[in-house]
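In what follows, a structure is listed as structure tokens, so that the remarks can point back to it.
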Amino acid sequence: MVRALRLAERGLYATTPNPRVGSVIVQHGEIVGEGYHERAGEPHAEVRALQRAGERARGATVYVSLEPCSHHGRTPPCADALVQAGVGRVVAAMRDPNPLVAGQGLQRLRAAGIAVETGLCEEEARELNVGFVSRMTRQRPWLRVKTAASLDGRTALANGQSQWITGEAARRDGHRWRARSCAVMVGIGTLLADNPRLTVREIKTPRQPLRIVIDRGLAIPLDAHILEGGNVLIASAHSERDKVRRLEELGAEVLWLPNAEGKVDLGAVMRELARRELNEVLVESGSRLNGALIRTGVVDELIVYLAPHLLGDSARGMFDLGELTALDQRIELTIRDVRRFDADLRVIARLTRFD
């Protein structure tokens, strides 16, 4: 199963909107076939493993990191392929949270006389597809907020200067998080200050994530770098027909999603992204949007890079949460991982309610 999970990781950057899945077929203690889901629309992991195993799959044990599918999507059901191959036993790390499957794949295998087990390395399998699980069970993507700060928690000088707080190794790791995400989100304040492209540049990837701008008043300049090459979604609370038309001509899509306060309804944005089958979203913005997302209750995880510098109290912070008047108002976090990248530290923390 560990081998199946490592195979699944090979699809980390390419399978969206599908989950990352690996499969290994074992006959008499020997691996006779293995495979992983490479990208949406192509054969699933079990099918690739069966193709490699051939007749040796008959009576074999199949290890798969996610319950075999039982419905017709872009490809036929994997459960049927396993039955037809005559496998003897299937060990699935976890059940599929997709309501179209949700145990039906395992049930189909049992009905065909195949022994079925679940739960082996389940936590690791769930973490690999945390965004897919979130979309299927909560109808919203898994939302990570990534930020880089000095050791005293400052992301930029008071004048807005922020490049570069962390070193090259930390920035390269940040691009890995971009590459695995379905979308990268930025607020209009950060866009106007930094004019980012939000593309993956430091590592090889077969696709670029969707770029999302939270722009209450449609203040985005028409020559912004982020508009180059299209693949941009702008969520706004301001409807200006001429500006929308010009943005659409540049390949961007504009959504009008105001809340009662005339700001962008961030909860509605998350629901819309889930409807568009986005599993993981990475936020690379400033303290205002970061804080607003936390207050809305849609942030799941923080990725914080800390550099060995001090910028002082006048510099800008990471999260604008407003004034807290009691300690029981604080946001509780669970530290999941601490790692060093040259001189910088990366801390991965999860909001405790999602740990």
Determine, step by step, whether Leu289 and Thr190 satisfy the side-chain contact (heavy atoms from CB on, under 4.5 Å) criterion, reporting the C-alpha distance in whole Å, the side-chain angles of both residues, the deciding distance to 0.1 Å, and the verdict. CA-CA 9 Å; Leu289 180 57; Thr190 299; over 6 Å; no
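- Atom OG of Ser181 is separated from atom CG of Leu12 by 9.0 Å, given to the nearest 0.5 angstrom.
- Contact check for Cys69 versus His44: side-chain heavy atoms found under the 4.5 Å cut-off.
- Between the side chain of Gln329 and the main chain of Thr325, a donor-acceptor pair closer than 3.5 Å is present.
- Judged by distance alone, the side chain of Arg154 and the main-chain N or O of Ala156 form no donor-acceptor pair under 3.5 Å.
- The only option from Leu282, Asp300, Val299 that meets the side-chain contact (heavy atoms from CB on, under 4.5 Å) definition with Val145 turns out to be Val299.
- For Arg172, the CZ atom is densely surrounded, since the number of other residues' heavy atoms within 6.0 Å is greater than 12.
- No donor-acceptor distance shorter than 3.5 angstrom exists from the side chain of Arg52 to the backbone of Ala49, with no hydrogens or angles considered.
- Hydrophobic clustering places Val64 together with Ile114 (ILVMFWY residues linked when any side-chain heavy atoms are closer than 4.5 Å, directly or through intermediates).
- Listed here is the closest heavy atom pair of Ser134 and Trp142: OG-N, 3.7 Å.
- Heavy atoms only, all atoms of each residue included: Leu66 and Arg95 are closest at CD1-O, 3.8 Å.
- Put simply, the side chain of Arg207 reaches to within 4.5 Å of the side chain of Thr16, judged on heavy atoms.
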I'd like to know whether Leu302 forms a side-chain contact (heavy atoms from CB on, under 4.5 Å) with Met318, so could you lay out the CA-CA distance, the side-chain angles of the two residues, the decisive distance to 0.1 Å, and finally the verdict. CA-CA 11 Å; Leu302 307 178; Met318 290 188 280; over 6 Å; no
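- Of all heavy-atom pairs between Gly22 and Leu7, the closest is CA-CB, 4.3 Å.
- The structure places CG of Asn195 at 7.5 Å from CZ of Arg197, a figure rounded to the nearest 0.5 Å.
- Hydrophobic clustering keeps Met94 apart from Leu5 (ILVMFWY residues linked when any side-chain heavy atoms are closer than 4.5 Å, directly or through intermediates).
- The two residues Arg180 and Glu127 come nearest to each other via the heavy atoms NH2-O, 4.3 Å.
- Between the Gln208 side chain and the Thr199 main chain, no donor and acceptor come within less than 3.5 Å of each other.
- The shortest distance between side-chain heavy atoms of Leu311 and Ile165 falls below 4.5 Å.
- A side-chain donor-acceptor contact under 3.5 Å links Ser23 to the backbone of Tyr63.
- Listed for the Arg56 side chain is no donor-acceptor partner under 3.5 Å among the backbone atoms of Gln27.
- Other residues sharing the hydrophobic cluster of Leu191, ordered by chain and number and joined by side-chain separations under 4.5 Å: Val184, Val186, Ile188, Leu192, Leu198, Val213, Leu218, Ile220, Leu222, Ile226, Leu227, Val232, Ile234, Val244, Leu247, Leu250, Val254.
- Atom CD of residue Glu272 and atom CG of residue Asp265 lie 11.5 Å apart, to the nearest 0.5 angstrom.
- Proximity of Tyr13 to Ile203: side-chain heavy atoms (C-beta onward) are separated by under 4.5 Å at one or more points.
- Hydrophobic clustering (ILVMFWY, side-chain heavy atoms < 4.5 Å, transitive): Val264 and Ile212 are in one cluster.
- Judged by distance alone, with hydrogens and angles left aside, the side-chain atoms of Thr155 form a donor-acceptor pair with the main-chain N or O of Gly317 at under 3.5 Å.
- Listed for the Arg171 side chain is a donor-acceptor partner under 3.5 Å among the backbone atoms of Thr166.
- Counting heavy atoms from C-beta outward, Glu280 and Phe132 have side chains that stay 4.5 Å or more apart.
- With a 4.5 Å cut-off on side-chain heavy atoms, Ile348 and Arg346 count as touching.
- In the displayed structure, Arg295 atom CZ is contacted under 6.0 Å by more than 12 heavy atoms of other residues, nucleotides or ligands.
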side-chain contact (heavy atoms from CB on, under 4.5 Å), that's the test. Do Leu351 and Leu333 meet it? Break it down for me. CA-CA 5 Å; Leu351 274 72; Leu333 304 173; 3.9 Å; yes
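- Val116 and Leu50 fall within the same hydrophobic cluster, defined by Ile, Leu, Val, Met, Phe, Trp and Tyr side-chain heavy atoms under 4.5 Å apart, directly or through other members.
- Atoms CD and CZ, on Glu202 and Arg178 in that order, are 9.0 Å from each other to the nearest 0.5 Å.
- Counted within 6.0 Å of CG on Asp337, heavy atoms from surrounding residues, nucleotides or ligands total more than 12; the atom is thus considered enclosed.
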Go through it in stages, so that I can follow the logic: the residues are Arg39 and Thr15, the test is side-chain contact (heavy atoms from CB on, under 4.5 Å), and I'd like the CA-CA distance, side-chain angles, deciding distance and then a yes or no. CA-CA 4 Å; Arg39 55 182 56 86; Thr15 64; 5.7 Å; no
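- Atom NZ of Lys243 has more than 12 heavy atoms from other residues, nucleotides or ligands within 6.0 Å.
- Although no hydrogens or angles enter the test, the distance criterion places a donor-acceptor pair under 3.5 Å between the side chain of His37 and the main chain of Pro43.
- Here the side chain of Asp215 pairs a donor or acceptor atom with the backbone of Ala219 at under 3.5 angstrom.
- Ile303 and Val281 are not part of a single hydrophobic cluster, where members link through side-chain heavy atoms under 4.5 Å apart.
- In this structure, the separation between CZ on Arg6 and CG on Leu128 is 8.0 Å, given to the nearest 0.5 Å.
- Taken to the nearest 0.5 Å, the CZ atom of Arg48 stands 11.0 Å off from the SG atom of Cys78.
- The two atoms that bring Asn98 and Met136 nearest to each other are CA-SD, 3.7 Å, heavy atoms only.
- Atom CD of Gln107 is surrounded by 12 or fewer heavy atoms from other residues, nucleotides or ligands within 6.0 Å.
- Glu168 CD: 12 or fewer foreign heavy atoms inside a 6.0 Å radius.
- The number of heavy atoms from other shown groups lying within 6.0 Å of CZ (Arg241) does not exceed 12.
- Within the 4.5 Å cutoff, side-chain heavy atoms of Asp344 are placed close to those of Pro308.
- The minimum heavy-atom distance between Ala274 and Arg135, with the atom names listed, is O-CD, 3.5 Å.
- Using a 4.5 Å heavy-atom threshold, the side chains of Pro77 and Arg108 count as touching.
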